[in-house]
Every structure is written in structure tokens, then in C-alpha cells.
Amino acid sequence: MTKLSELSPPKKAIKERIRLGRGHGSGKGKTSGRGTKGQGSRSGEGVRPGFEGGQTPLQRRLPYLGGFKNRFRKVYAIVNVGILNRFEENTIVTPEFLIEKGIIDTLQDGLKILGDGVVEKPIIVRAHKFSKQAIAKIEACDGKVEVIS
């Protein structure tokens, strides 16, 4: 049994590195595999990333797609007043009630009631925001509008 200290890799498992600039049949003498003349043969060879040989580079050919994203924008769950006709008279409509009934999926930053549709019954609506039209239509049917802060 061999000892751990006596272990060595098999023959030819470790490749000897090619020493450049040496003659005598190495094939890597004189120009060291760089060819003659030109940018590739010089020291410090290479171009900066994105350089395309003088052609307008791709990052300058494409339109600017940076833009601006407002991280502070509030996104409201929106419900039109026409949907509120589904409920009985004097029902208290809250964001939690609408989620429970499956009218909105998530509350996001709040609930906003918009004025599309017709209100036919008096309903008490509690929401974070209302459009002027929505307030007018709800109050025209003796309903109540309550703003949640």
C-alpha cells in the first residue's frame, strides 16, 4: 500500500508550459506565436471592451433605453362605482370587503373609487381615494363617502 507522502500524478498528466521566445524546434521562437507586424504583435496588444475597429460600436448604435423609474409612485387598486350595484342597500364597502368578494386581488398602496357606471342604491364606501365623479354619483343616491387615511 502506498503512503500519502509517496503519491505522485501519473506520467504526462502534468503538461509542461510552453516557453516562448526559445528556438531549437519549439515552434514558438522569434515572434513567439504572435505573427509579424500589426496590433496583435505589439506589447500591450488588444482593444478596450466594446471597440469595433473604428465602426460605431453597438452600444452607440442602439437607442438609449435608460429612462426613469419613479420608485415613489403609488399604485392604487381601482374599482368603478358601477360595480358597487352588486351589493345590497347600506352595505359598508371597505377594501377588505372587496378582497373578500374577489373584486380586487391585492390592495397595493390603497383603493381608489372611480366614477364609471351608475349607482342605484345608497351605499357606504370607505376607500383611500375617490374621483370627483365617484363622490357625486355615490352621494346622489344618498350614499356616504369616507376617506381612509
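On a predicted model such as this, the values are computed, not experimentally measured, just so you know.
Between the Thr91 side chain and the Phe87 main chain, no donor and acceptor come within less than 3.5 Å of each other. With Glu52 contributing its side chain and Leu58 its backbone, the two residues share a donor-acceptor pair below 3.5 Å. In terms of modelled atom types and a separation under 3.5 Å, the side chain of Asn80 and the main chain of Gly82 share no donor-acceptor contact. Remark: side-chain polar atoms of Arg73 are not paired, donor with acceptor, to backbone N or O of Arg71 under 3.5 angstrom.
Scanning both residues, Ser131 and Gly115, for their nearest heavy atoms gives OG-N, 3.3 Å. Closest of all the heavy-atom pairs between Lys121 and Cys141 is O-CB, 3.9 Å. Taking all atoms of both residues into account, the shortest heavy-atom contact from Pro122 to Asp142 is CB-O, 3.7 Å. Listed here is the closest heavy atom pair of Gly35 and Ser41: O-CB, 3.9 Å. Nearest heavy atoms, Phe97 versus Val93: CD2-CA, 4.1 Å.
Looking at Val79 and Leu111, their side chains come closer than 4.5 Å, going by heavy atoms from C-beta outward. Put simply, the side chain of His128 reaches to within 4.5 Å of the side chain of Pro95, judged on heavy atoms. Here the side chains of Thr2 and Leu7 are in contact, with some heavy-atom distance below 4.5 Å. Taking 4.5 Å as the limit, every side-chain heavy atom of Ile113 sits out of range of all side-chain heavy atoms of Lys129. Looking at heavy atoms from C-beta onward, Arg86 lies out of side-chain contact with Lys101 at the 4.5 angstrom threshold. When side chains are defined from C-beta on, Ser26 does not count as touching Leu20, because their heavy atoms never get closer than 4.5 Å. Between Lys28 and Arg34 the shortest side-chain heavy-atom distance does not fall below 4.5 Å. Side-chain contact between Gln108 and Tyr76 is absent, with no heavy atoms from C-beta onward closer than 4.5 Å.
By the criterion of side-chain heavy atoms lying less than 4.5 angstrom apart, applied directly or through intervening Ile, Leu, Val, Met, Phe, Trp or Tyr residues, Val125 is not grouped with Ile148; the two fall into different hydrophobic clusters. At a threshold of 4.5 Å between side-chain heavy atoms, the hydrophobic network of Ile, Leu, Val, Met, Phe, Trp and Tyr places Val147 and Leu107 in one connected group. Leu114 and Ile138 end up in different hydrophobic clusters when Ile, Leu, Val, Met, Phe, Trp and Tyr side chains are linked at under 4.5 Å. Cluster annotation: Ile124 is not connected to Ile103 through the hydrophobic network of ILVMFWY side chains, with a link wherever side-chain heavy atoms come within less than 4.5 Å.
The line from NZ of Lys137 to CZ of Phe130 is 14.5 Å long, rounded to the nearest 0.5 Å. Between Ile83 atom CD1 and Ile104 atom CD1 the span is 10.0 Å, to the nearest 0.5 Å. The NZ atom of Lys3 lies 5.5 Å from the CD atom of Glu6; values are rounded to the nearest 0.5 Å. The distance from the OG1 atom of Thr94 to the CD1 atom of Ile99 is 8.5 Å, given to the nearest 0.5 Å. Rounded to the nearest 0.5 angstrom, Asn90 CG and Ile92 CD1 are separated by 8.5 Å.
Counting non-hydrogen atoms of neighbouring residues, nucleotides and ligands closer than 6.0 angstrom, the CZ atom of Arg60 reaches no more than 12 such neighbours. The number of heavy-atom neighbours closer than 6.0 Å to CD of Glu88, taken from other residues, nucleotides and ligands shown, is 12 or below.
Shown here are the salt bridge (Lys or Arg N to Asp or Glu O under 4.0 Å) partners of Glu146, two or more places apart in sequence or in another chain: Arg126.
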